[in-house]
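This report concerns only the one structure given below.
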Number of protein chains: 2
Amino acid sequence: MRPQKVLDNDILIGLTKVFRSNGYEGTSLKELAEATGLKKASLYHRFPNGKQEMAEAVFTYINTWVQENIFQALQNEQHTPEVRLQNGLDGIRRLYDNGKEVCIFRALSMQTGLELFEQQINSGMTQWIAEFTEIGIVLDFTPTEAAQHALQTLIEVQGSLIVTKGMDNISVFENTLKNIENRYLNT
Amino acid sequence: MRPQKVLDNDILIGLTKVFRSNGYEGTSLKELAEATGLKKASLYHRFPNGKQEMAEAVFTYINTWVQENIFQALQNEQHTPEVRLQNGLDGIRRLYDNGKEVCIFRALSMQTGLELFEQQINSGMTQWIAEFTEIGIVLDFTPTEAAQHALQTLIEVQGSLIVTKGMDNISVFENTLKNIENRYLNT
DNA sequence: GTCTATAGCTAGATAGAC
DNA sequence: GTCTATCTAGCTATAGAC
């Protein structure tokens, strides 16, 4: 077994970066090769199904990150519910680099008919809502209220990312996260 | 002057449809030709700068539609402020076909470095906020409150479109529009 | 496991007949 | 103004040496 020239994790970071800024169709293997430091043929060795498999790997990579850094923070019973919420929101800030980064799922979903991604996005959003509903209930909202707030949180995070990018104004994202926090913690 | 086989407006409708569902990079001239009923070379006769000019034309076409169907409805002083707001929101419903359609600006902006679109999106969002701030002031909010609600409206419309598509659930979009209406008309 | 070289194809774009 | 035919560049993907 010849050693890997580039670590799996570093490859995923490079792939993520390119897909995130160019989208799926807008990304070429040339760019992916340059970003990872491997040649095209070497990328095919790691990902035999090519570009699609690379995108899927990015999907899984980000999904895992969200699980470990956002959902687990929300669930961590070693902290008070208030701190759990704040840690979860901090995870969101890091995921999107304070609004500077686009949602990778959105970047990858804008493409002709790969239903795999559609299904993953659907279940990802469903879990997102479930997790935020849970922390809402812990924070003494009724289940109905908590579910509404969870959906609203998802809508506002996604919407604020678009408006932040469109208006080139980071404060839109940060203000939205503050509003979300206040909605959960105040009253 | 030989007569046009396809009317300008019908071409724009076809181009819009394809760009909207595939994005800029994901759209091929073959698809654009099929959707418009013209051959590729004929499309180049109408749009000498090719694909980019076609996308720009779609941009202008949608911008005009928004002006005429949303912003003018908000400004129309022949109606009460309440009716003007409702007509504007109905324009939004039609623009996105009740949540079934993606935001065309978003579909076109996911591409490598065409700054023209960035600038148009920026000014489009700025005007959107100005128009909704104006109707908010007419509805007796303070300028500060009105500006906040206008920004929030843009965020929620964009976010709800993404969540609606991601979860394949039209009611997300409709409920968001109802919430927006209530925020302006109630209290 | 990584590389050079290249196959096979489709993209965007043009030439020129009608 | 629209068409058929074609060019060239770039794409995804593979073969085979090391």
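Keep in mind that this is a model prediction, so the values were computed, not measured.
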When you get a sec, tell me which of D:dA13, D:dC11, D:dT4 is the closest nucleotide to the side chain of A:Y44?
->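 Nearest to the side chain of A:Y44 among the choices is D:dA13.
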Just do the ring pair (Phe, Tyr, Trp, His ring centres under 6.0 Å) check on B:Y61 and B:W65 with the steps written out, would you?
-> CA-CA 6 Å; B:Y61 170 67; B:W65 195 98; 8.7 Å; no
Rounded distance in Å - [atom1] ([X]) to [atom2] ([N]):
{"X": "A:R46", "N": "D:dA13", "atom1": "CZ", "atom2": "P", "value": "18 Å"}
{"X": "A:M54", "N": "D:dC11", "atom1": "CE", "atom2": "C1'", "value": "13 Å"}
{"X": "A:F47", "N": "D:dT12", "atom1": "CZ", "atom2": "C1'", "value": "16 Å"}
{"X": "B:E25", "N": "D:dG10", "atom1": "CD", "atom2": "P", "value": "14 Å"}
{"X": "A:K39", "N": "D:dA13", "atom1": "NZ", "atom2": "P", "value": "19 Å"}

Relative orientation of the end axes in the helix from C:dG1-D:dC18 to C:dC18-D:dG1, expressed as an angle to the nearest 10° (five pairs per end) = 0°
Gap between atom CG of A:N63 and atom CD of A:Q127 - 0.5 Å precision |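 Interatomic distance, A:Q127 CD to A:N63 CG, rounded to 0.5 Å: 7.5 Å.
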OG1 on B:T176 to CD on A:E156, rounded to 0.5 Å |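 If I round to the nearest 0.5 Å, the distance is 9.5 Å.
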At under 4.0 Å between heavy atoms, what does A:S28 touch on the DNA or RNA strands: base, sugar-phosphate, or nothing?
-> sugar-phosphate
Give the first and the last nucleotide of DNA chain C, reading 5' to 3', that has any atom under 4.0 Å from a heavy atom of chain A.
->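 Going 5' to 3' along DNA chain C, contacts run C:dG1 to C:dT4.
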Want to settle it: does A:L29 or B:G37 sit nearer the 5' end of DNA chain D, counting the closest nucleotide to each?
-> B:G37
